[in-house]
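Down below is the structure, laid out as structure tokens.
Only heavy atoms go into these numbers, but all of them, side chains included; no hydrogens, no water, no symmetry mates.
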Amino acid sequence: MGKAAELFARGGTPFHPRSPTAFARFFDGLELLGPGIVPVTGRDRTRRTWRS
């Protein structure tokens, strides 16, 4: 994440890496449907589904 943040900053784009817990707070009060919050690496692009 540090390298990505550095590259974004150099390009003038704000980038704020967050832990899953910190990211989840944006959804407080909402009912999340499955699979919920998952890392982008959890996506199976060949099947358009999410791995658990």
Side-chain angles (χ1 to χ4, degrees):
M1 280 292 183
K3 181 70 172 173
E6 178 186 329
L7 291 172
F8 273 86
R10 251 193 269 157
T13 304
F15 181 74
H16 306 282
R18 293 181 171 89
S19 69
T21 302
F23 183 76
R25 74 180 177 83
F26 292 109
F27 302 95
D28 283 351
L30 299 174
E31 179 183 353
L32 296 178
L33 301 176
I37 298 171
V38 297
V40 72
T41 56
R43 182 167 182 219
D44 183 344
R45 293 177 188 217
T46 61
R47 298 169 66 193
R48 296 181 184 229
T49 60
W50 295 91
R51 294 186 292 268
S52 18

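- Leu33 shares a hydrophobic cluster with no other residue; no ILVMFWY side chain has heavy atoms under 4.5 Å from its own.
- Nearest heavy atoms, Arg18 versus Phe23: CB-N, 4.2 Å.
- With sequence neighbours excluded, the residues forming a salt bridge (charged side-chain N to carboxylate O under 4.0 Å, His left out) with Arg10 are Glu6, listed by chain and number.
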